[in-house]
Amino acid sequence: MREALFLTFGMDLGFFERQLLGPVRSTGAAVTVIGDARMFTPDPREVRSAGRAYTLGLAAAKRAFHPKVTVLVGPERALVGVGSGNLSVGGWHGNDEVLTVARANLNEGVPRVVADLIEALVRLAEQIPMGGLAAEGVKRTVTELKKLVRNTQVIDTGHRLVDSLTGPIVDQLPQGPVSALEVSAPFFDPHGAALAELVRRFQPEDVTVLTQPGKTVIDPEPIIRTAKELGVNVRFEQLERDAVSGPYRHGKILTALQGQETSWSLVGSPNMSTSALTCSATGGNVEIAVLMDAGISLLPTPRVRVAEIPALAHAITSLEDSAPQVTGPLLLEALAVEGGLEITLLTGGTSDVPIEVSHYAGSPEHFELLGTVPAGATQARFPGDFLPGTRFRAGDSFQTLADRHSVTSRLLPLGRGKPNQDASLNQLFASESLAANWINALQSLVHGAGVESGSSGTKAHAQDAASDSTYWAHLDDPEQWAAYAQESVAKLGLPMFELAAGTTVKTTVGATLPVGTLAWDDTFDDDGADDFEGEETAEETTDVSGDQDSVGSQAEMSPGQQARYRGWIGKIVGLVPHLGPFERISMVQLTITASLLPFWSTDRGASGWFEPLRTALEGLAGEEWPVQVRDRIAAAACVGLYRLRTAVPPDERGTHAEQFKTTLRHLGPLVEAAQLPAIEDILHLLDEATLVARSAEEVKSELTELLQVGPEGTLTRVIESNLPGVDRATWTASKHLVLDGDFTNAKTTAAQVLTYAKGLADLVLAVNSSNGSWTVVVRAASTLAVIEGGQGETTYRAYDTGRLIINPYAPLTDPQRAQQARISKPPFATPGPEVREILDRFDIQAVPITAPTAVALKAP
């Protein structure tokens with residue numbers, strides 16, 4: 001996947017980070033969560049990964065930001081969910097909710113409701129105030145959905161999306177009278193005005209109102225009076241189970257019937273309120289729902305009449321009953337910028353707005369004054385060095401510091417089955433006993449690996465078979481090899497030996513062995529999943545629903561525990577060169593697993609696992625492995641390399657990128673020799689280590705491509721990963737790189753590409769935007785030729801990039817730097833001698849390159 005977008009009203013980020021963020025991030029998606037700014041009053045201890053692993057967006061609608069939409073989209077498929085459930089335990093597990101799911105893929109087409117959502121998201125980004133990164137997440141999602149729609153057909157399934165961003169939802173419903181209406185919602189406005197408006201418009205003879213006594217916020221008397229005035233029979237019903245107990249019914253359903261058959265149904269986020277149904281987003285709520293003909297009544301059964309209608313009345317009695325709301329200034333975004341951070345408020349204050357900070361490494365409850373946003377201003381910058389995830393407050397309003405690179409950096413999916421915990425940085429351990437099991441497992445491996453401990457170095461343990469620690473390399477005799485395997489079981493313990501030997505364990509050891517259990521496991525605390533009170537009061541407070549359920553927070557590791565775990569993994573890695581093949585495979589796979597656990601975050605970042613894993617993998621290189629384990633060693637190398645690559649930045653630059661390339665070269669022969677069944681077996685065994693689904697074919701093909709691809713292929717891959725606006729990247733026969741796509745500024749795009757292309761000494765780059773503008777940039781040594789056109793007269797300029805030490809491509813984005821570095825002289829409507837020399841050298845006869853109609857170059 002490329003993008004994951006969650007729109008919600010209330011949100012429980014503790015639930016989201018524990019149970020959803022990992023699986024979503026592990027698909028390779030950049031994740032954006034957007035909720036109502038006025039309803040966001042989190043427990044700071046529950047928010048650990050916002051700004052670091054995903055974008056936390058806050059939106060401020062006129063009344064309430066109330067859509068409940070989930071979008072997962074990639075190059076070949078998309079999944080869209082539109083419903084009533086907020087991003088919480090209640091919304092995803094505990095409540096009765098409604099959800100319409102649309103699946104799209106290149107082979108089967110795109111349902112119309114997905115195409116409708118594209119337009120709704122465009123309007124959302126344009127109309128609703130929100131943080132800049134959140135808006136970027138919405139726009140990236142739109143871009144990916146548009147690509148999918150362009151490459152396949154739109155299918156009419158009978159479903160249509162409606163939203164208050166277009167106008168009042170009631171105006172988008174089918175016209176004409178109906179014989180009956182069925183309604184179920186957790187909230188009705190105090191005077192029944194929205195239901196009254198529906199009755200006036202559709203003139204039904206009967207109206208059925210499904211309620212949940214003591215939970216549905218409703219005053220039945222105004223509804224009864226209006227029904228009498230309009231000559232409508234109104235019937236209040238409840239489920240039979242309501243007489244005992246049941247989950248909170250949070251779903252919203254409006255169905256119109258003609259005779260005994262349904263005419264249409266509306267399901268999604270809108271309650272029975274004027275803000276939800278009869279107002280547009282400019283004056284009411286932001287709502288999104290699906291209009292369809294389900295063919296049947298959607299109200300749950302069995303139902304009975306409400307015996308005591310006056311007893312249905314349920315409303316807010318005091319502020320203590322209501323869900324908390326932010327008052328005062330609304331803090332929409334805290335964004336990391338060069339040299340500090342930028343704070344964005346919804347509106348400027350009448351006086352200076354104090355901003356408080358709680359540093360990421362400090363106590364979540366401790367805030368101190370950072371500074372103030374001047375009166376009337378909506379943005380202010382503050383200098384300093386702040387880690388992503390640092391907490392900020394403006395009055396009651398809360399946000400975390402977001403780092404643009406971190407939240408848009410996409411992980412490479414690895415493994416299969418369970419969440420990638422490194423993507424979400426969640427705590428794996430939920431209890432001290434699990435942590436103790438992990439400690440014991442590590443200590444058992446260190447002391448049982450045939451190496452003496454307690455000294456500054458490692459020393460091979462004397463064995464009868466040989467004193468040389470590589471004696472296993474000469475075990476050609478089957479009986480000797482079997483004896484070595486049995487010794488490995490004794491040293492590693494059965495579970496770790498099985499991790500190393502895989503499906504060959506029975507034949508290797510010569511006996512049927514019981515299945516071992518790994519010493520780590522995911523546990524989740526679902527206490528409170530059935531509590532409805534927070535849901536109800538949020539509905540009552542703002543005229544809309546909001547899930548406030550929470551789950552118990554997992555115990556945090558102390559800094560001392562984290563340091564000990566890192567030290568122990570360092571000792572295990574140190575053992576690798578001194579061990580036999582089964583032990584070495586086991587240590588490598590254990591290090592892969594450990595790399596996914598949340599004890600690597602330090603002041604230097606969260607990728608401390610990279611160097612230990614790289615060192616462990618280097619211990620597999622350069623050996624002549626016995627035939628019995630060659631496939632297993634090669635497979636372990638592939639899976640380890642694949643994991644190692646997740647730390648490589650998307651632009652494939654920097655220390656990690658260079659170290660990965662070096663290790664990949666050292667292990668290249670193992671990658672080429674790796675067999676798919678062995679890779680698949682390791683992926684399967686590492687299921688229990690919280691790795692995420694990836695096939696053996698994908699693992700090997702990607703590594704093989706990385707070994708074989710040249711600098712041109714690398715650049716194409718980096719562009720596709722980092723520039724979502726690119727529809728196509730093509731190398732011509734003349735080795736010219738042509739980019740086509742939706743670019744706001746072609747020169748800015750060219751500057752980004754050039755920073756990724758350091759491995760190419762010379763480069764001809766053509767950037768063609770769908771708006772008609774284009775730029776051709778030629779990099780030749782320290783000279784940059786830039787040709788622009790498409791929306792005006794074609795111009796030709798040349799720059800000496802040797803004058804710009806820090807950023808040689810600044811002339812493309814900074815007019816002042818362009819003036820300093822320019823070597824061509826006006827007029828620029830024709831190529832001067834510097835430009836002409838470069839054009840001739842690279843045999844560029846016409847511009848734009850590959851455009852349908854090329855413009856011949858003007859004579860000097």
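Remark: P42 pairs with F40, V47, F398 by the side-chain contact (heavy atoms from CB on, under 4.5 Å) rule, at least two apart or across chains. In terms of the side chain to side chain donor-acceptor pair (under 3.5 Å) criterion, residue partners of E3 (sequence neighbours excluded) are, by chain and number, R140, R410. Residues that satisfy the salt bridge (Lys or Arg N to Asp or Glu O under 4.0 Å) test with E365, not counting sequence neighbours, are R45. With sequence neighbours excluded, the residues that form a ring pair (Phe, Tyr, Trp, His ring centres under 6.0 Å) with F6 are F16. In terms of the salt bridge (Lys or Arg N to Asp or Glu O under 4.0 Å) criterion, residue partners of R241 (sequence neighbours excluded) are, by chain and number, D96. A search for salt bridge (Lys or Arg N to Asp or Glu O under 4.0 Å) contacts involving R249 returns D242, not counting sequence neighbours. Listed by chain and residue number, V101 satisfy the side-chain contact (heavy atoms from CB on, under 4.5 Å) test with L99 (two or more places apart in sequence, or in another chain). Applying the side chain to side chain donor-acceptor pair (under 3.5 Å) rule to T143 yields no partners; only residues at least two apart in sequence or on another chain are considered. Listed by chain and residue number, E342 satisfy the side chain to side chain donor-acceptor pair (under 3.5 Å) test with R381 (two or more places apart in sequence, or in another chain). Listed by chain and number, the residues in a side chain to side chain donor-acceptor pair (under 3.5 Å) with T344 are Q379 (sequence neighbours excluded). By the side-chain contact (heavy atoms from CB on, under 4.5 Å) test, R123 pairs with E119, A120, Q127, D163, L165, T166, sequence neighbours left out.
When all heavy atoms are compared, the tightest approach of V217 to A315 is CG1-CA, 4.4 Å. In plain terms, the two heavy atoms of V353 and A394 that are nearest each other are CG1-CB, 4.2 Å. Smallest separation of non-hydrogen atoms from G362 and R391: O-NH2, 3.1 Å. The two residues F65 and T8 have their closest heavy-atom pair at CD2-O, 3.5 Å. Considering every non-hydrogen atom in both L239 and P300, the closest pair reads CD2-O, 3.4 Å. Between L133 and V407, the shortest heavy-atom contact is CD1-CG2, 4.1 Å.
With rounding to the nearest 0.5 Å, the separation of CG in N285 from OG in S273 is 5.5 Å. Going from atom OG1 of T27 over to atom CZ of R2 covers 11.0 Å, rounded to the nearest 0.5 Å. The CZ atom of R25 sits 11.5 Å away from the OH atom of Y54 when rounded to the nearest 0.5 Å. We find the CE-CD1 distance between M130 and I128 to be 7.0 Å, quoted to the nearest 0.5 Å. A distance of 11.5 Å separates OG in S397 from CD in E356, rounded to the nearest 0.5 Å. Atom-to-atom distance recorded for H250:NE2 and F187:CZ is 11.5 Å, nearest 0.5 angstrom.
Contact annotation: the side chain of N86 approaches that of K68 to within less than 4.5 Å [non-hydrogen atoms, C-beta and beyond]. Residues W609 and T646 meet the side-chain proximity criterion, which asks for heavy atoms closer than 4.5 Å. Within the 4.5 Å cutoff, side-chain heavy atoms of V71 are placed close to those of L145. Here the side chains of L370 and F386 are in contact, with some heavy-atom distance below 4.5 Å. A 4.5 Å side-chain heavy-atom check between L124 and L7 finds at least one atom pair inside the cut-off. Annotation: side chain of K252 is in contact with side chain of N271 (closest heavy-atom distance under 4.5 Å). Side-chain contact check for Q399 versus L56: some heavy-atom pair is nearer than 4.5 Å. Side-chain atoms of T32 and T141, non-hydrogen and from C-beta on, never get closer than 4.5 Å to each other.
Sequence neighbours left out, the pairs with a member in residues 395-405 that pass salt bridge (charged side-chain N to carboxylate O under 4.0 Å, His left out) are E136-R404.
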Test side chain to side chain contact (heavy atoms under 4.5 Å, CB included) applied to L5 and L121, step by step: CA-CA 10 Å; L5 175 66; L121 293 178; 4.0 Å; yes
Check the pair R52 / S49 against side chain to side chain donor-acceptor pair (under 3.5 Å), numbers first and verdict last. CA-CA 5 Å; R52 300 165 62 85; S49 298; 5.9 Å; no
List the steps and the verdict of side chain to side chain contact (heavy atoms under 4.5 Å, CB included) for L345 and L330. CA-CA 6 Å; L345 302 176; L330 286 179; over 6 Å; no
Give the C-alpha distance, both sets of side-chain angles, the deciding distance and a yes or no for side chain to side chain contact (heavy atoms under 4.5 Å, CB included) between L331 and I343. CA-CA 7 Å; L331 175 52; I343 293 290; 3.5 Å; yes
Does the pair L20 and W92 meet the rule for a side chain to side chain contact (heavy atoms under 4.5 Å, CB included), with working shown? CA-CA 10 Å; L20 298 179; W92 282 62; 3.9 Å; yes
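At least one donor-acceptor pair under 3.5 Å links the side chain of E333 to the backbone N or O of G132.
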